[in-house]
Amino acid sequence: MIDAPSWRYTPALAEKIELKWQKIWKDEGCFFAANAEGPLRDGEGRLAGKRKPYTVLDMFPFPSGKGLHVGHPLGYIATDFVSRFKRMQGYNVLHALGFDAFGLPAEQFAIATGQHPRKTTEENIANMRRQLSRLGLSFDPRRSFATTDPDYMKWTQWIFARLYSSYYDPDFLRPDGKKGCARPIEDLIKEFESGKRKTQKPWQQMSAKEKSEVLNSFRLAYISDSFVNWCPGLGTVLANEEVTKEGKSERGNWPVYRKKLRQWSMRITAYADRLLEDLDGLDWPETVKAMQKNWIGKCEGLKAAFEVAGEKVEVFLPYPSLLSHPSFLVLPSSLSLDLPEKWPKDAKEEWKEGASSPKALFSSFKSSHPYPLAHSMDGVFSGLFARVGEKNVPVFISDYVSEPHLGIEGEEDAKFARIHSIDQNPSPSAFDTEEEALKAAKEKRIGEREQRYRLRDWLFSRQRYWGEPFPIVYSEDGVEHLLPDSFLPVNLPSLPDYRPKSFDPDDSSSLPTAPLARNEEWVQVELDLGDGLKKYRRETNTMPNWAGSCWYYLRYLSPKDEKHFVNPAEDRYFLSPFHNDQSNDLGGVDLYVGGVEHAVLHLLYARFWHKVLYDLGYLSSREPFYKLFNQGYVQAYAYTDSRGQYVPASQIESRFEDGKEVFYFEGERVNREFGKMGKSLKNMVTPDEMYENYGADTFRVYEMSMGPLSDSRPWNLKDVAGSQRFLQRLWRNVVDEQTGEAHVSEEMDSKTGRLLNKTIEGVSADMEEMRPNTAIAKLIVLNNHLTSLPLCPRAAAEGMVKMLFPIAPHICEELWEKLGHSQTLSFTPWPKAQEWKEEEVVCVVQVDGKVRCRLSVPADIDEKDLERLALSQETVKQWLGGEDPLKVICRAPKIVSLVSRSGRKEK
RNA sequence: GCCCCCGUGGCGGAAUGGCAGACGCAGUGGACUUAAAAUCCAUCGCCUUUUGGCGUGCGGGUUCGAUCCCCGCCGGGGGCACCA
């Protein structure tokens with residue numbers, strides 16, 4: 001400690017260097033991306049909007065109250081090295097980070113800490129900014145915002161208004177010349193008024209309420225009656241996920257009831273075809289494409305055909321898996337159904353209606369429900385159609401024994417439900433048991449491809465406080481009215497108590513109420529919507545937090561634009577098709593990095609909005625995200641003692657016993673497990689600890705070197721030392737630890753030159769393909785070689801520093817400066833490999849597939865010469881047993897493969 | 001159950017048809033040191049140890065040559081959950 005040279009690359013020096021460069025970058029506006037026009041045009045004069053744009057996007061973070069662990073920044077470090085790499089290649093890189101701050105988690109955190117969500121959200125954002133800023137990420141600070149900012153919320157509401165004011169015309173030509181386009185609802189109204197499009201009752205004779213109903217069946221954002229899981233005990237509507245199999249709430253175990261509720265939806269089903277078609281042109285992981293395809297519903301189904309009581313029965317199964325599922329198949333042969341007394345009236349009526357009229361049933365399926373027959377029970381039974389002769393009859397496949405929503409509580413009740421839902425004469429002549437029916441169905445299945453859209457419209461209302469209010473009011477006749485754009489944003493009123501109301505848990509007749517409904521002063525308004533001052537009631541539901549995350553990437557382009565949600569010139573400059581190296585006409589963000597957990601919903605919703613905005617002429621690109629990359633997760637070891645309790649992972653001692661690693665906590669042997677990083681498993685490591693003990697650069701290098709970016713990997717604190725040693729060695733190679741001055745040689749030997757060249761070649765390819773782990777390995781090889789030299793050649797040092805800069809920017813800037821440069825590395829051109837020829841290469845000679853000899857040969861050796869040379873080798877002759885080879889394969893200059901006569905015989 | 005992905009040293013992982021185990025961690029031996037840390041050097045799949053033999057979950061196949069391509073198993077992970 002006393003003897004440590006004053007210029008050793010210690011964590012303390014690393015911190016000093018890191019803070020120094022972070023300040024310089026900030027003061028110089030180093031990461032300002034340049035817009036095509038307007039106030040953000042000049043990007044600090046460096047780029048002047050003339051370069052090719054490159055947009056790098058991180059998935060919108062939610063500012064959690066729990067703080068970050070070392071897994072969270074993984075994706076940000078990845079996008080940062082890509083951004084820095086692209087800047088060095090001469091691109092105008094747009095890289096920004098905002099915050100997705102509305103939604104249930106934010107509200108729950110606020111409730112738990114007894115504060116207002118706006119306050120907790122702002123605090124959490126500040127904390128997250130602090131933790132991230134210490135990483136030295138190259139975001140453009142001018143483009144950051146939160147979804148809760150009134151200025152942003154205004155445009156979210158504005159986009160909702162466009163969706164509400166549009167309908168989908170399957171025959172209208174859209175900008176790319178194909179059929180099917182969103183159009184203003186006014187066009188539809190004109191068609192109704194002129195009689196060009198017929199309605200059941202003449203349009204002119206309809207009441208405002210009737211007109212509203214008709215239009216809502218066309219609007220892309222529409223209001224209708226849908227089912228929800230209502231839990232009076234919690235005073236809230238629950239997601240299906242939050243309801244247990246017993247039909248109770250996961251939290252609190254309260255009864256849950258199915259309720260019809262008037263709420264908002266998005267007509268995403270209208271875009272199903274296009275959402276499927278355009279997937280093919282995207283540079284996305286195949287698994288994510290498959291998940292979206294599966295979700296949208298054009299999946300393969302099975303047609304099963306068999307006979308029941310002399311009649312041919314065909315069944316289409318949208319889930320191929322259900323046939324072999326341990327479920328049972330019941331086939332009624334008539335349409336008369338006797339439904340259980342216990343079933344709610346609604347469900348009974350819908351059931352009968354659906355069963356007796358296949359047509360009605362099919363249309364209701366298309367509009368909102370995934371299963372043709374089971375919609376009234378929604379997932380209780382996977383009800384399907386069967387065709388018996390000319391008749392359509394219901395088929396049930398189920399493995400549920402209990403369905404509390406319908407009053408079916410256990411095995412006995414479930415049987416009751418089954419028996420009553422099938423025919424009185426269940427055709428015993430065909431199948432005596434369900435197993436037989438299943439077997440027959442399996443054997444006779446016809447593997448035809450069928451299409452059904454299972455995709456369902458997107459439920460867009462939440463009975464919650466912390467979300468965007470709808471720009472909607474209701475007149476006294478119950479008809480909804482859109483607020484004009486000049487009324488936006490509709491801000492949230494502050495409520496003394498924003499929590500959900502409490503109800504009698506057993507009162508099934510109660511209805512959920514939105515917290516906003518409690519503020520009568522806010523709800524009741526007097527407005528002039530063009531026909532004089534009138535009284536209205538505001539919509540009291542709020543939007544889900546998908547709303548804000550559906551379009552944030554557009555706002556980064558022109559964050560302060562007061563006239564547009566995105567400035568059209570910036571949209572064209574940054575996102576239009578072919579805007580840089582994109583090979584198709586879809587356009588969109590160049591690179592989108594985030595977790596695979598958003599593979600379906602977020603990505604699907606954002607694509608849907610993007611396409612609508614494209615149809616309406618606001619955007620130039622057909623897709624929002626051209627390339628998608630899913631980074632893996634950082635997992636961590638956790639340790640349990642003999643009682644199964646978790647013990648702090650940071651205090652574990654490992655020893656080697658009989659060649660195996662074993663673990664001790666306070667002298668007691670403990671077990672090692674593997675799982676998520678977090679407080680509950682006592683294995684959390686925070687970025688702050690890493691900054692303090694190693695520095696941000698070491699942390700960045702470690703996270704990027706752990707393995708392929710797309711894989712999940714275990715956090716192993718011991719391994720961090722390797723990354724730290726690498727940076728320390730690099731530092732020592734360039735800087736004299738005693739004086740702090742650069743000590744390099746102006747000469748470079750040819751061996752170092754060749755290795756440098758080879759490294760540039762390899763690292764460039766690795767960076768391009770987002771393989772930082774192998775790039776770092778190659779840089780370590782070069783660095784280890786430089787360590788072995790008496791003095792590091794300047795050219796090699798400068799090459800190293802340039803190549804490592806995207807991953808470990810601070811130390812590289814410092815070394816670059818010490819090497820005598822005054823400009824930041826950020827815009828220094830990425831090194832180019834020289835054209836050079838190896839003179840001599842090693843050739844491998846194989847006999848019967850085994851390497852028997854190595855030859856040093858001229859790189860441009862001719863195949864004949866190489867063959868002759870190989871055959872003249874004594875060892876080769878020995879392995880051939882003195883005979884001529886049976887076969888010779890020569891791939892000059894790398895390999896000669898010989899097949900011996902004896903080797904062939906053995907085979 | 002169905003679909004997708006993945007199985008390589010003690011560990012994280014390299015190599016995508018051409019010398020398996022790059023690079024890092026851990027381990028072992030040594031140098032330096034009063035000592036420790038740090039640093040540096042050597043070693044580091046298994047068996048024989050000398051030429052060699054065997055090794056990428058298992059069993060087949062294609063090929064001059066297979067971790068890589070094909071077929072069949074075994075094992076692990078993810079999706080199929082209307083959810084933020």
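Protein chains get the first letters and strands the later ones, always in sequence-line order, with residue 1 at the start of each.
Heavy atoms of Asn784(A) sit under 4.0 angstrom from primed sugar atoms or phosphate atoms, though from no base atom. Lys850(A) comes within 4.0 angstrom of sugar-phosphate atoms only, judged by non-hydrogen atoms across all strands, and of no base. Looking at heavy-atom distances under 4.0 Å, Arg854(A) makes contact with a base. Residue contacts shown for Arg725(A) are limited to sugar-phosphate atoms, with no base heavy atom under 4.0 Å away. Using a 4.0 Å heavy-atom criterion, one finds that Ile780(A) contacts the sugar-phosphate atoms exclusively. Using a 4.0 Å heavy-atom distance criterion, Ser705(A) is classed as making no nucleic acid contact. Residue Arg771(A) is out of contact with every strand shown, counting any heavy-atom pair closer than 4.0 Å. Among the protein residues, Leu601(A) comes within range of the nucleic acid bases, having at least one heavy atom under 4.0 Å from a base atom. Within 4.0 Å (heavy atoms only), Pro544(A) reaches no atom of the nucleic acid at all. Using a 4.0 Å heavy-atom criterion, one finds that Asn716(A) contacts no nucleic acid atom at all.
Taking atom P in both C4(B) and C70(B), one finds a spacing of 13 Å when rounded to whole Å. When the C1' atom is used for both G53(B) and C3(B), the distance is 43 Å, rounded to whole Å. Rounded to whole Å, the separation between the C1' atoms of A37(B) and C32(B) comes to 12 Å. To the nearest whole angstrom, the two P atoms, one in C68(B) and one in C6(B), are 13 Å apart. The gap from the P atom of C40(B) to that of U49(B) amounts to 36 Å, rounded to the nearest Å. Taking atom C1' in both C44(B) and A20(B), one finds a spacing of 16 Å when rounded to whole Å. A distance of about 28 Å separates the C1' atoms of G30(B) and G12(B), rounded to the whole Å. Between the C1' atoms of G7(B) and U56(B), the separation comes to 9 Å (whole Å).
Distances from the side chain of Pro105(A) to the nucleotides A38(B), C19(B), A84(B) place A84(B) closest. Side-chain atoms of Ala777(A) lie closest to C23(B) of the nucleotides G53(B), C19(B), C23(B). Closest to the side chain of Pro708(A), out of A26(B), C23(B), A14(B), is A14(B). Nearest nucleotide to the Lys894(A) side chain, out of A38(B), A14(B), G18(B): G18(B). Side-chain atoms of Ile889(A) lie closest to C64(B) of the nucleotides C19(B), G53(B), C64(B). Minimum atom distance to the side chain of Arg462(A) is reached by A84(B), of the listed C23(B), A26(B), A84(B).
If you take CG of Asn773(A) and C1' of G12(B), they are 10 Å apart, rounded to a whole angstrom. Atom OH in Tyr605(A) sits about 9 Å away from atom C1' in C83(B), given to the nearest Å. The nearest whole Å value for the distance from the CZ atom in Arg713(A) to the C1' atom in C6(B) is 15 Å. For the pair His602(A) NE2 and C82(B) C1', the interatomic distance rounds to 18 Å; values are reported in whole Å. Here G65(B) presents its P atom at 10 Å from CD of Gln846(A), a figure rounded to the nearest Å. Whole-Å rounding puts the Lys289(A) NZ to G78(B) C1' distance at 19 Å. Here C64(B) presents its P atom at 17 Å from CG of Leu880(A), a figure rounded to the nearest Å. Going from atom CD of Glu769(A) over to atom C1' of U16(B) covers 12 Å, rounded to whole Å.
Here Tyr271(A) and Phe608(A) bring their ring centres to under 6.0 angstrom of each other.
Across all strands shown, U34(B) has no partner, as no Watson-Crick or G-U wobble contact with both distances under 3.5 Å is found. The nucleotide C68(B) finds no pairing partner, because no Watson-Crick or G-U wobble arrangement with both distances shorter than 3.5 Å includes it. Using N1 to N3 plus N6-O4 or O6-N4 for Watson-Crick, or N1-O2 and O6-N3 for G-U wobble, each under 3.5 Å, A22(B) pairs with nothing. When both distances must be under 3.5 Å, the Watson-Crick or G-U wobble mate of U43(B) is G27(B). Both distances falling under 3.5 Å, in either a Watson-Crick or a G-U wobble arrangement, occur for no nucleotide opposite C82(B).
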- Item | Verdict with reasoning, Phe460(A) to Trp264(A), per ring-ring contact (aromatic ring centres under 6.0 Å, His included) | CA-CA 5 Å; Phe460(A) 201 70; Trp264(A) 290 94; 8.6 Å; no

- Kindly indicate, with the supporting measurements, whether the criterion ring-ring contact (aromatic ring centres under 6.0 Å, His included) is fulfilled by Trp715(A) and Tyr702(A). CA-CA 10 Å; Trp715(A) 178 264; Tyr702(A) 173 59; 5.0 Å; yes

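Between Trp458(A) and C82(B) there is no side-chain polar atom (N or O) within less than 4.0 angstrom of OP1 or OP2. Residue Lys887(A) places at least one side-chain N or O under 4.0 Å from the OP1 or OP2 atom of C64(B). OP1 and OP2 of U39(B) both lie 4.0 Å or more from every side-chain N or O belonging to Arg729(A).
Remark: the Ser705(A) side chain and the Asn773(A) side chain contain no N/O donor-acceptor pair separated by less than 3.5 Å. Checking Arg462(A) against Gln263(A) by side-chain atom types alone, no donor-acceptor pair falls below 3.5 Å. Donor-acceptor pairing under 3.5 Å is recorded for the side chains of Thr156(A) and Trp551(A).
Comparing Arg852(A) and Val596(A) by the nucleotide of RNA chain B whose heavy atom lies nearest to each, the residue mapping closer to the 5' end is Arg852(A). When each of Ile776(A) and Tyr637(A) is assigned the nucleotide of RNA chain B bearing its nearest heavy atom, the one mapping closer to the 5' terminus is Tyr637(A).
With a glycosidic angle further than 90° from 0, G59(B) counts as anti.
Between the Arg852(A) side chain and the Leu880(A) main chain, no donor and acceptor come within less than 3.5 Å of each other. Using a distance-only test at 3.5 Å, with no hydrogens or angles considered, no donor-acceptor pair links the side chain of Gln631(A) to the main chain of Ser710(A).
Two residues are said to be in side-chain contact when any heavy atoms from C-beta on lie closer than 4.5 Å; Val899(A) and Ser897(A) fail this criterion.
Remark: the Ser897(A) side chain and the C64(B) base include a donor-acceptor N/O pair separated by less than 3.5 Å.
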